[in-house]
Structures are given as C-alpha cells and as structure tokens.
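What follows is a set of notes on a single structure, which appears directly below.
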Amino acid sequence: MRKFVLWMALWIVCAGVARAQDPDEVPVNPEMQRQELINLEKENARAIKLHNVTFFKAAYSDDFHGVSRYGETVGKLGIVREIESLPLEFDSVVSTDHQVRLFRDSAYVLSLRSEVGRADGKRFYSQFRILRLYVNSPRGWKIVSQLETKLIAGERQ
C-alpha cells in the first residue's frame, strides 16, 4: 500500500509539472512560416506565367476545392487542367500585397496578382484579389481552398 501511495504521489507531481499545450500557442517560428507562405504565393504566380502544372500538383491538396479565375468551382484536377489549357500568353504575372494570418497548423493569405500578356493577338492586363487557405501537413503547407476575384481588366492595342 505504501508503494502504491508513493507511485500515485509521484505520478501526480509529474502530471502537474508536465505543461499542457496552450490553445493560443504561437507557431515555433511565425516569421519563417509567414515568409514560406509568401514564397508559395510568388511561386504560384510564376507557375501561372509558365503554365507549369508541376507546382499545382505539389502545392494543392488532394481535397482542394476553390473558385477559379473564371468564377467556376473547381477541384485540384480542374485547376491543373485550367493551367494546362489557359489560352493566355503572359509577359508578367506578379503576386504582391501579401497579408498572412497564421492559426496553429492553418493560415490564410490574401494577395494581389497582376497579369500582363496577350490573348488572341491583343495585349491585356488583369488584377485579381486572391484568398487562399493553407494547412500545414507533414509534407509542408498545402492549399486547401482559394477564391479569385477579378478586380480590373483591360485591353491595349
């Protein structure tokens, strides 16, 4: 009985010393994670410019669900097909004005994407406000949802 009481007391002391995870605990290095998400946004813009679907296959989660540049609801395969068959030729695609908000293993990034290029022989410029939701998985940050809203569009001769 004495051993049992001693073990119980030791267990209670150890349990009291063990620190419970703080529900509002800040990520290990929030600035590093913030910069990683901004880099993913910039790489996304670069992949659009180059029509490079490899980035989309790697960075978008298998259960991705979002709204494309055309206002269509699409999954991961839909985004990949859209980038492959995009009838636009880009001179420049730039992602700027990144606003990152981290929540444990998830984050959202609000950004501005500006595009300049040619479609059917005519020059165009477009801007989109992009909202992406990321989840941090064992294989890094994955995009699980996005919403693209076209802000301005124009044609130049």
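Because only heavy atoms are used, hydrogens play no part in the values below, and waters and symmetry mates are left out as well, while side chains stay in.
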Which distance, rounded to the nearest 0.5 Å, do you find between the CG of Asn29 and the CZ of Arg34? 12.0 Å

Heavy-atom distance under 4.5 Å between the side chains of Lys76 and Ser61, does that happen here? no

Using side-chain heavy atoms (C-beta onward) and a distance below 4.5 Å, is Gln99 in contact with Val109? no

Tell me the closest heavy-atom pair linking Leu133 and Ala107, and the distance in Å. CD1-O, 3.3 Å

Residues which pass salt bridge (charged side-chain N to carboxylate O under 4.0 Å, His left out) with Asp120, listed by chain and number, not counting sequence neighbours: none

Salt bridge flag under 4.0 Å for residues Arg81 and Glu84: no

Mind checking the CD-CG spacing from Gln33 to Asn136? Nearest 0.5 Å is all I need. 5.5 Å

Going by the rule salt bridge (charged side-chain N to carboxylate O under 4.0 Å, His left out), which residues pair with Glu89 if we only count those two or more places apart in sequence or in a different chain? Arg118

How are the rings of Tyr60 and Phe56 set to each other: parallel, tilted or perpendicular (split at 30° and 60°)? tilted

Apply the test side-chain contact (heavy atoms from CB on, under 4.5 Å) to residues Asn44 and Arg132: give CA-CA distance (whole Å), side-chain angles for both, the deciding distance (0.1 Å), then the verdict. CA-CA 11 Å; Asn44 197 308; Arg132 287 199 182 89; 3.4 Å; yes

Determine, using the 4.5 Å side-chain heavy-atom cutoff (strictly less than), whether Leu110 and Phe103 are members of one ILVMFWY cluster. yes

Min side-chain heavy-atom separation Leu102-Leu37 under 4.5 Å: yes

Report the residues that fulfil side chain to side chain donor-acceptor pair (under 3.5 Å) with Arg129, sequence neighbours left out, ordered by chain and then residue number. Asp97

Taking the side chain as every heavy atom from C-beta outward, state whether Val74 and Gln146 have any atom pair closer than 4.5 Å. no

We want to know whether Tyr125 and Asp91 form a side-chain donor-acceptor pair, criterion being a heavy-atom distance below 3.5 angstrom. no

Side chain to side chain, Asn52 and Arg46, heavy atoms closer than 4.5 Å: no

Here the pair of heavy atoms bringing Phe124 nearest to Ala119 is CD2-N, 3.8 Å

According to a hydrophobic-cluster definition based on side-chain heavy atoms being under 4.5 Å apart (Ile, Leu, Val, Met, Phe, Trp, Tyr only), do Tyr70 and Phe90 belong together? yes

The criterion is salt bridge (charged side-chain N to carboxylate O under 4.0 Å, His left out); which residues satisfy it with Lys42, sequence neighbours excluded? none

Which residues satisfy the salt bridge (charged side-chain N to carboxylate O under 4.0 Å, His left out) test with Glu72, sequence neighbours excluded? none

With sequence neighbours left out, write down each residue that passes side chain to side chain donor-acceptor pair (under 3.5 Å) with Arg113, or none if nothing qualifies. Glu115, Glu148

Is there side-chain contact between Ile130 and Leu112, with at least one heavy-atom pair below 4.5 Å? no

Minimum heavy-atom separation for Leu88 and His51, please, with both atom names. O-NE2, 2.9 Å

Taking Lys142 for its side chain and Asp62 for its backbone only, find out whether a donor-acceptor pair lies under 3.5 Å. no

Min side-chain heavy-atom separation Val80-Glu82 under 4.5 Å: no

In terms of hydrophobic clusters joined by side-chain contacts under 4.5 Å, are Ile143 and Leu86 together? yes

Tyr134 and Glu36: side-chain donor and acceptor closer than 3.5 Å? no

Could you give the distance from OG (Ser95) to CG (Leu40), rounded to the nearest 0.5 Å? 10.5 Å

Test your reading of the model: is there a side-chain donor-acceptor pair from Ser145 to the backbone of His65, 3.5 Å cut-off? yes

Looking at Trp141 and Asp105, what are the two nearest heavy atoms and their distance? CZ3-O, 4.0 Å

For the residue pair Phe128 and Thr149, establish whether any side-chain heavy-atom pair is separated by less than 4.5 Å. no

